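One structure is given below, encoded as structure tokens.
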Amino acid sequence: MERRYIEAKTKCFDKIYSFLNDRQREALKTVRGPLLVVAGAGSGKTTVLVNRIANIIRYGTGYESKNIPFDLSEGNIAELEMASRLPSEQLEKYMAKYAENPCPAWAVMCITFTNKAANEMKERLVKVIGEEAEEIWAGTFHNICMRILRRHPVEAGLENGFTIYDTDDQKKLVTSIIRDFNLDDKRYAPKAVINKISKAKESLMTPEEFEKEFSKELYEKNIAKIYKEYSKRLEAANAVDFDDIIVRTVRLLEKDEEIRGYYQRRFKYVCIDEYQDTNKAQFMLAVLLSGHYRNIMVVGDDDQSIYRFRGATIENILNFDKVFDDARVVKLEQNYRSTANIIETANHLIAHNRGRREKNLWTAKEDGDKVLVKQLNDQAEEARFIADSILDSTVKNGTKFSDHAILYRVNAQSNSLEGVFAKSGIPYRILGGTRFYERKEIKDIVAYLCLVSSTQDNLRLKRIINEPKRKIGDATVEAVERLAEMEGVSMFDIIQNADRYTALGRVAEKLRAFADIINTLRGIAETETLSELVEKTIDISGYRNMLVLQGEAAEDRLQNVEELISNAVAFEESHEEATLAQFLEEAALVADIDNYDETADAVVMMTIHSAKGLEFDNVYLPGLEEGLFPSFQSIGEQAELEEERRLCYVAITRARKKLCATYVKSRLMYGQTQYNQPSRFLKELPEDRCALEELQRRESVASGYSYNQKRSAVSAFTREVKRPVSAAPKSPASTEKLSVGDEVKHIKFGHGIILSVTDMSGDYLYEVMFDNFGTKKLMATFAKLTKI
DNA sequence: CACGCTCTGCCTGCG
DNA sequence: GCAGAGCGTG
């Protein structure tokens with residue numbers, strides 16, 4: 001009887017979740033204990049995550065439980081057996097009585113990496129379980145940690161109302177420390193130093209520990225010194241950097257038993273998405289938070305770990321079941337996204353990596369088109385080829401522009417693409433580049449607001465005291481800084497009472513004027529709404545006036561500043577009690593307003609990194625060349641090369657139907673022409689799934705892929721740059737711009753007349769009508785045209 | 001103190 | 001090829 005009961009109950013639950021495959025369902029019903037879900041690309045991991053949480057909230061452990069009700073009767077079983085025939089929706093309600101320990105939404109935590117992912121997660125949860133989903137602690141690591149830190153700032157070693165320093169602020173702080181220590185900022189490049197400090201923090205290393213571990217070499221000793229001072233100054237400014245947000249939370253939970261106990265008991269279930277991207281600090285946080293119930297679920301794909309350079313330790317996912325020795329591991333290997341050709345291409349490539357979990361992604365879909373690998377002469381031709389191909393696809397197959405994505409290794413590649421696309425009339429959108437809150441004008445206004453929020457904020461004060469120009473120079477700022485240090489007060493205090501200090505002399509008046517601006521704004525902050533404050537900040541600071549005076553040149557910046565006001569209005573609408581502090585926190589932590597408008601019908605261009613998690617019918621991968629992809633920095637380093645390969649794997653698996661990789665013979669990099677070999681990754685693709693289109697006659701060998709070795713052996717491995725003259729002789733014409741109507745001579749095509757000239761990022765595209773060869777389009781650099 | 005010129009260095013990037 | 005930093009001059 002017991003067995004029949006369990007069977008009937010399981011059957012009902014199975015039916016509710018019949019839209020999942022067996023593996024997905026297994027992951028969903030494994031509710032208790034540590035669980036690792038290895039989710040291959042396109043295997044429906046978000047669906048599993050969302051429905052698993054819904055299952056926990058609705059039915060608790062009911063699905064997997066083998067408990068038998070003490071009053072079990074034949075009648076119960078018969079009813080259950082009947083219930084399995086109910087339509088899904090009714091069955092869902094009916095099964096509520098078989099819930100065991102259903103979990104309130106507020107006891108579930110779900111951590112993601114990006115705000116975008118967090119929002120998507122929340123939206124989908126609301127759809128599945130309704131408004132209750134709002135109670136779930138779903139957010140990014142930083143968002144969750146901030147919630148904890150804001151509740152216990154003092155216990156975490158901070159003061160109430162602490163501020164967040166972003167990368168820019170960090171850099172300023174480190175630069176000033178390097179200067180104060182009289183260190184050479186070439187040898188101690190701020191960026192590199194910040195990286196070192198960040199790495200240390202990510203692996204939970206204190207300045208003291210860092211010092212102990214690295215004290216042999218002078219260089220490292222100095223880094224340790226900077227790290228120590230940096231921490232000191234952050235603390236003095238009552239500020240945290242991004243890493244601190246997590247590190248301080250970990251420390252807080254480690255040392256404060258009461259607080260730890262509270263959160264451990266509060267959160268019965270902890271889920272972490274994109275686990276392959278976590279670092280040690282984030283791992284510790286997860287361990288601490290889930291320490292009581294041990295119901296920790298992590299989802300990730302080691303093959304898609306592409307942020308090692310940012311401190312992620314792939315070991316977290318590789319070793320999860322060693323750290324939690326009772327962990328269940330479920331692999332999701334069925335891909336619902338791509339054709340078989342694409343999946344097999346991806347599989348074949350990634351198999352070249354060593355450090356990975358064995359996994360075989362498969363699909364029930366048909367083979368589809370072969371993966372096209374196309375060689376072109378240069379980047380302009382590459383861009384034109386892609387543009388033509390997209391045009392062809394939209395015209396012939398009636399696809400939308402937005403079904404096409406171009407994914408590249410580095411942002412700089414967008415230039416040549418943009419040049420061609422802008423002229424082709426194909427609508428396109430470039431994602432990435434500077435984000436909204438990182439734009440100078442926005443950071444400036446935000447700095448004003450920071451100062452309004454807290455006059456202690458010396459760093460932000462320094463940023464804007466002379467922006468717009470108020471004739472307050474470096475010398476004055478330094479004097480103020482020294483005075484503030486001597487008296488142990490903030491720079492703003494000094495400025496407010498500037499006339500008292502003879503050292504400040506004649507500039508005192510200007511300083512007072514600046515203090516007046518801030519004080520006026522502080523008054524406004526108390527009486528008026530947030531958006532009004534933002535608006536008046538822009539006016540009273542003189543910032544708007546400055547931009548208006550700059551006219552056309554500052555048009556974009558003016559627009560951005562206006563947009564900030566809109567953001568403030570939107571913030572007010574979504575937050576009942578919109579405070580300045582909250583708004584500033586959001587500005588610091590919420591990366592971008594809106595990544596991209598998916599409804600706009602435009603070709604999307606972005607780096608592969610930012611394409612993670614997205615998918616498109618047609619994907620183009622330009623620049624598959626040694627030195628570019630894999631990048632020359634990674635060549636020779638096994639671990640880094642494997643990361644590049646994973647990156648390529650991510651790129652391939654973005655495509656649903658068509659995939660096209662291109663590489664060129666010569667590419668303009670850093671203003672010089674480079675001749676790179678085709679990427680080694682191309683040689684790692686399965687021949688039978690790909691179609692190779694090389695240029696010209698091929699000196700091909702039977703093996704299928706072979707490349708023009710003689711020419712490309714030059715630069716790829718040595719980063720040696722061949723002088724353009726020797727390989728691609730620049731004709732005199734390339735230095736002298738030709739105009740329409742000019743008569744020219746070409747080395748091969750003979751006499752002709754220029755029909756049109758198109759400016760293309762530093763080069764010119766000539767349309768030439770030749771007497772004997774018809775009309776040709778030629779790039780100035782390569783055309784070998786001579787004016788007659 | 002502000003502006004303009006020269007020099008340098010260059011990947012990917014969430015919060 | 002371009003942007004940001006640093007330096008020199010008005």
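Note that the structure is a prediction, hence the values are computed from the model and not measured. Residue numbers begin at 1 in each chain, while the letters A, B, ... track the order of the sequences.
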request  = Take atom CG of A:Asp168 and atom P of C:dG4, then tell me their distance rounded to the nearest Å.
outcome  = 11 Å

remark   = Whole-Å distance, A:Asp243 CG to B:dG13 C1', equals 13 Å

request  = Name the nucleic acid region contacted by A:Asp277, choosing base, sugar-phosphate or nothing; use a 4.0 angstrom heavy-atom cut-off, strictly under.
outcome  = nothing

key: Pair A:Gln633-A:Ser631, side-chain donor/acceptor within less than 3.5 Å   = yes

query = When we call it a touch if two heavy atoms are under 4.0 Å apart, what does A:Asn411 touch: a base, just sugar-phosphate, or nothing?
reply = sugar-phosphate

key: Which nucleotide in B:dG13, C:dG1, B:dC11 has an atom nearest any side-chain atom of A:Arg409   = B:dC11

request  = Would you classify A:Lys510 as touching base, sugar-phosphate or nothing, given that sugar-phosphate means primed atoms plus P, OP1 and OP2, and contacts are heavy atoms under 4.0 Å?
outcome  = nothing

key: Nearest to side-chain heavy atoms of A:Tyr307, which nucleotide of B:dC3, B:dG15, B:dG13   = B:dG13

inquiry  = Does B:dC14 have its OP1 or OP2 closer than 4.0 Å to a side-chain nitrogen or oxygen of A:Asn115?
reply    = no

inquiry  = Assuming nearest nucleotide by heavy-atom distance, tell me which of A:Gln633 and A:Ala475 is located more 5' along DNA chain B.
reply    = A:Ala475

ask   = Which listed nucleotide (B:dC11, B:dG15, B:dG9) is nearest to the side chain of A:Lys186?
value = B:dG9

ask   = Quick check: does any side chain N or O of A:Asp244 sit under 3.5 Å from a backbone N or O of A:Asp241, one acting as donor and the other as acceptor?
value = yes

ask   = Which of these nucleotides, C:dG6, B:dG15, B:dT12, is closest to any side-chain atom of A:His609?
value = B:dT12

task = Measure from the side-chain N and O atoms of A:Asp169 to the backbone N and O of A:Asp166, and report whether any donor-acceptor pair falls under 3.5 Å.
result = yes

Atom-pair distance (CD1 on A:Ile245; P on B:dG15), nearest Å = 12 Å

query = Across the strands shown, which category fits A:Thr476 at heavy-atom distances under 4.0 angstrom: base, sugar-phosphate, nothing?
reply = sugar-phosphate

Identity of whatever pairs with C:dC2 - Watson-Crick or G-U, under 3.5 angstrom = B:dG9

inquiry  = By nearest atom, which of the nucleotides B:dC14, B:dC11, B:dG13 is closest to the A:Thr607 side chain?
reply    = B:dG13

key: Length of the line joining A:Gln170:CD and B:dG13:C1', which is rounded to integer Å   = 13 Å

ask   = Where the side chain of A:His152 meets the backbone of A:Leu149, is there a donor-acceptor pair that is under 3.5 Å apart?
value = no

task = Could you tell me the separation between the OH atom of A:Tyr165 and the C1' atom of B:dC14, rounded to a whole number of Å?
result = 21 Å

ask   = Roughly how many Å is it from CG in A:Leu589 to P in B:dC14, rounded to a whole number?
value = 13 Å

query = Given B:dT12, is OP1 or OP2 found less than 4.0 Å from the side-chain N or O atoms of A:Arg308?
reply = no

remark   = Closest to the side chain of A:Thr140, out of C:dG1, B:dG15, B:dC3, is B:dG15

Face-to-face stacking of A:Phe309 with B:dT12, centres under 5.5 angstrom, angle under 30° = yes

A:Asn466 side-chain N/O to B:dA2 phosphate OP1/OP2 under 4.0 Å = yes

ask   = What is the nucleic acid contact for A:Ile472, judged by heavy atoms within less than 4.0 Å: base, sugar-phosphate only, or nothing?
value = sugar-phosphate

inquiry  = Tell me whether the rings of A:Tyr307 and A:Phe309 are parallel (<30°), tilted (30 to 60°) or perpendicular (>60°).
reply    = tilted

request  = Using the closest heavy atom to pick a nucleotide of DNA chain B for each, name whichever of A:Glu640 or A:Glu438 lands nearer the 5' end.
outcome  = A:Glu640

inquiry  = Would A:Arg429 pass as a cation-pi partner of A:Phe421, given that its NZ or CZ must be under 6.0 Å from the six-membered ring centre and within 45 degrees of the axis?
reply    = no

Atom-to-atom span, CG of A:Asn195 to C1' of B:dT12 - whole angstrom = 12 Å

query = Rounded to the nearest Å, what distance is computed from the CG atom of residue A:Leu624 to the P atom of nucleotide B:dT12?
reply = 16 Å

task = Please tell me which of the listed nucleotides, C:dG1, B:dG15, C:dA5, lies nearest to the side chain of A:Tyr670?
result = C:dG1

request  = Examine the side chains of A:Thr662 and A:Glu382 and answer whether a donor and an acceptor come within less than 3.5 Å of each other.
outcome  = yes

